[in-house]
Amino acid sequence: MIIFIFATLIMERRVRVRFAPSPTGPLHIGGVRTALYNYLFAKKNNGDFLIRIEDTDQTRYVPGAENYIIESLKWLGITANEGVGFGDGEHAPYRQSERKPMYKQYAMQLLESGHAYYAFDTAEELDAMRERLKASNVDSKYDAITRMAMKNSITLPADEVQRRIESGEPYVIRIKLPKKEDIKFHDEIRGWVNINTAQMDDKVLYKSDGMPTYHLANVVDDYLMKITHVIRGEEWLPSAPLHVLLYRYLGWEEVMPKFAHLPLLLKPEGNGKLSKRDGDRLGFPVFPLEWKDPFTNEISSGYRESGYLPEAVINLLAFLGWNPGTTQEIFTKDELINAFSLERVSKSGAKFDLNKAKWFNHQYIKHTTNAALAEALNKELTNKGLIFSTEYVEKVCGLIKEKINFIKELWEVGNYFFIDPVSFDEGVIAKRWNDKSPLVIQDIIQLVRSHSDFSAGSFETDYNEALQKNGVTNKEFLQLLRVCLSGVAGGPPIFEMAELFGKEITLKRLQLALDTIRK
RNA sequence: GGUCCGUUGGUCAAUCGGUUAAGACGCUUCCCUUUCACGGAAGAAUGAGGGGUUCGAUUCCCCUACGGACUACCA
C-alpha cells in the first residue's frame, strides 16, 4: 500500500482534463473558451480530454441544450476522447444523472468519518435563519456556529435522527467545516490562494432529492475519472477550497487534480461578465450556434450563422486570455496546441472586441479556398433560385474575398455577379454622369458587338477607343463604367469583372444603365 | 455588507528589477489604386493613486481607489 502511494506520487500521471458543462441552455462563448483551453492543454500534453454533463439539477433541465453543446464543440473541432457525444470510454457513463447511484456512498463515507452531517431544516427555517443573522448584521452562513441552532444530526439526539430518516423525512447531507482553518491551495494561474473556513459555510453535498450537488459530484467524478487538472472559470475560485477539503476528507488528497481558474470574458462596453443578452445588443454573437429558446422561442444569434469560420473563432477565442509571448497572431489549431501553456494565461478578465473578431475572421476568409467559399455562396444562391456554374461562383469568390469579413457578405458584396443592379450609385452618377456619357456607352456597346471575342483585354481596348472618340478621359469615366456594370462604387478590377460577366451580360448591363440612368 | 481574485494605450497585450514600455485591432495622415479592399509608410495613444524595498521599479511589498467573481438543497 505504501509503495503504491509512493509510486502514484512520483509517477507522472497521464494528463486527463474535462469540460463539464451544465445543460441549462446554450453554451456561452466563455464556456467554449474553457472547453478550448482544456482541449489545447490535453493535446499539448498528450493527454485525454473528456466531456461530462453535469445535470444534477433536474429542475434546470433545458431540452436541446446538451445536443447544442456537443454540436457546438463539433462545429469548432474541439473533439473529446471520451464522453457525452464522443463515445464512451472506460469511465462511462458521463452524465451525472446516470451516475446517480455512485455518489451516496461517498456522502456516507464523510458522514461516518465525521466530516459531514444530516440536516433536516426546511426552506422556511433556512430563510428565517438568514433573516435573523442578517438583522443582527452577521454573515448569514450555515457555519460552525449557526449549525448548533439548526435541526441536524449534530444538535439532535441520535435516536431522533434515526427516527426522522426512517420515517422518510427529507434531509440533506452537509459538509462539516472546521471552525477556523486556513485552506491553502495552488492555482496554476494565480499562484497560492488562501481562504479560511470561517469564511465558508457547510455546503450541502447531497440533496433531499437523492442527487449530489455540484460540489460532491464534481469531486467524486474527477477522482473516479482520474482527472489531473481542473481548468475552469474564475467563478469557481471561491468554492475551490471546499473541493480541496472534500479531496482531503475523502482521502484522495495525493491524487487531487491541479487547479487552474481562467479569467472571465467581459462585456465590450462598461463592465461585468459577458452575458446572454449582450451579444445581440452589441452586434456580435455570444453563442457558437444560433439558439432558439424552447420555452420563449426567443432566438439568439450564433457565430456559425453570422458567417464566422470555426478556425477563426478558435483563434480569436484562444487569444482572449492567453497569448504565446511572440508577435504571431494567426494560429492553426495544431500551432495553438503546440504553443499553449497555462503559464501564459492571463489573470485578468478580457473584454470581447468585435473589431478584432472581424479582423480574425477576415484573415481566415482571405485564406479560404475559392471552392470552399463558393460552396457557401452557392447555398445562398440556391435559396434564391439562382443557378450558376461552380466555376463561375468560384471565380466570383476569388475576386471578392479580400473585401469581406463574413461569409454572408459574399452575397451582400457580390450580388451583382448574379442579378442585375436595381439601382446605380447616386454619388458617382451625380459626379460623373453628363451629356457625353450615353454617347460613350453607346459606342462601347457597338464596339463590343462588333467583335466576336470578348475578354478583359478586348473590352478595355474597346472602352479606350470609345473614350478617345468622345474626348473623355479615363479618370472621368472609369468609375462610371463600374457603376453602369455593377451598380455600386467599389469592387474588383473592372475589366476582369466584365470578363467574368461575359459578353452578353456586359452588353445587357450597359444597355440597362443607358435606359435607367437619366439626368 | 463579507470573502476572494484582478488593475500596462479605446480593446487584446509583451516585459519575468535596468527597454526610446514590443506587437496586433481600431483610429488619423500619406503612398499605391478608377473605386472598395489588400499592401506599404508614418502618427496619436499606456504602467489607477500613494507609500515603501532597492543604486534603480511597470516589474517585489503595503495601503487606498476602482473593477469583477462568489456569497442557494444552481452549476
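We name chains A, B, ... by the order of the sequence lines, and we start the count at 1 in each one. Scope of the values below: all heavy atoms of this structure, side chains included, with no hydrogens, waters or symmetry mates. All figures in this text were calculated on a predicted structure; none of them were measured in a lab.
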I'd like to know if A:N137 reaches the base of B:G1 with its side chain, counting only an N/O donor and acceptor under 3.5 Å.
no
Would you indicate what A:G321 reaches in the nucleic acid, counting non-hydrogen atoms under 4.0 angstrom: base, sugar-phosphate, or nothing?
sugar-phosphate
Face-on cation placement of A:R509 at A:F501 ring, 6.0 Å and 45° thresholds:
yes
Is there, by distance only and without an angle test, a donor paired with an acceptor across the side chain of A:S208 and the base of B:C73 below 3.5 Å?
yes
Need one value for A:A350: base, sugar-phosphate or nothing, where a base atom within 4.0 Å counts as base even if backbone is also close, heavy atoms only.
sugar-phosphate
Taking the cut-offs as 6.0 angstrom to the six-membered ring centre and 45 degrees off its axis, would you call A:R33 and A:Y37 a cation-pi pair?
yes
Any base atoms under 4.0 Å from A:N474, or only sugar-phosphate, or nothing? Heavy atoms, all strands.
nothing
With rounding to the closest Å, how many angstrom separate the P atoms on B:U46 and B:A37?
28 Å
Touch check for A:R190, heavy atoms < 4.0 angstrom, all strands: base, sugar-phosphate only, or nothing?
sugar-phosphate
Under 3.5 Å on both distances, the Watson-Crick or G-U partner of B:G2
B:C70
With respect to the phosphate group of B:A75, does any side-chain polar atom (N or O) of A:T56 fall under 4.0 Å of OP1 or OP2?
yes
Determine the interatomic distance between C1' on B:U11 and the same-named atom on B:A45; round to the nearest Å.
12 Å
Gap in Å between the two C1' atoms, one belonging to B:C12 and one to B:A22, rounded:
14 Å
Check whether NZ of the Lys or CZ of the Arg A:R164 lies under 6.0 Å from the centre of the six-membered ring of A:F120 and within 45 degrees of that ring's axis.
yes
Over all strands shown, is A:K347 touching base, sugar-phosphate only, or nothing at heavy-atom distances under 4.0 angstrom?
sugar-phosphate
NA contact type, A:I494, heavy-atom cut-off 4.0 Å: base, sugar-phosphate, or nothing?
base
Between B:U33 and B:U19, how far apart are the two P atoms, rounded to whole Å?
44 Å
Of the listed B:A69, B:G26, B:U35, the closest approach to the A:W359 side chain comes from B:G26
Presence of A:S346 side-chain N/O under 4.0 Å of B:C12 phosphate oxygens OP1/OP2
no
If you look at every strand shown and take non-hydrogen atoms under 4.0 Å, does A:P493 touch a base, only sugar-phosphate, or nothing?
base
Where each residue is assigned the nucleotide of RNA chain B containing its nearest heavy atom, which of A:G325 and A:K475 is assigned the position nearer the 5′ end?
A:G325
With side-chain contact (heavy atoms from CB on, under 4.5 Å) as the test, would you mind laying out the steps for A:L73 and A:L27 before giving the verdict?
CA-CA 9 Å; A:L73 296 178; A:L27 186 57; 4.2 Å; yes
For B:U7, take OP1 and OP2 only and decide whether either is under 4.0 Å from a side-chain N or O of A:K351.
no
With a cut-off of less than 4.0 Å, is there a side-chain N or O of A:R174 near OP1 or OP2 of B:C73?
yes
ring-ring contact (aromatic ring centres under 6.0 Å, His included) filter on A:W291, not counting sequence neighbours, yields A:Y68
Specify the residue among A:F319 and A:L478 whose closest nucleotide of RNA chain B lies further upstream toward the 5′ end.
A:F319
Apply ring-ring contact (aromatic ring centres under 6.0 Å, His included) to A:Y364 and list each qualifying residue two or more places apart in sequence or on a separate chain.
none
Test for a donor-acceptor pair under 3.5 Å between the base of B:C36 and the side chain of A:K403, counting only N and O atoms.
yes
Under-3.5 Å donor-acceptor pair between A:K356 side chain and B:A24 base:
yes
Please state whether the phosphate of B:A14, meaning OP1 or OP2, lies under 4.0 angstrom from any side-chain nitrogen or oxygen of A:N323.
yes
Using only side-chain N and O atoms of A:R344, determine if any of them is under 4.0 Å from OP1 or OP2 of B:C12.
no
Checking all strands, does A:K366 fall into the base, sugar-phosphate, or nothing category for heavy-atom contacts under 4.0 angstrom?
sugar-phosphate
Name the nucleic acid region contacted by A:D127, choosing base, sugar-phosphate or nothing; use a 4.0 angstrom heavy-atom cut-off, strictly under.
nothing
With the side chain of A:R482 defined as its heavy atoms from C-beta on, choose the nearest nucleotide among B:C74, B:G6, B:U34.
B:U34
Regarding A:R174 and the six-membered ring of A:Y142, is the cationic atom NZ or CZ under 6.0 Å from the ring centre and inside 45° of its axis?
yes
Using a 4.0 Å heavy-atom cut-off, does A:N194 contact any base of the nucleic acid, only the sugar-phosphate backbone, or nothing at all?
sugar-phosphate
Can you check whether A:K207 has a side-chain N or O nearer than 4.0 Å to OP1 or OP2 of B:A75?
yes
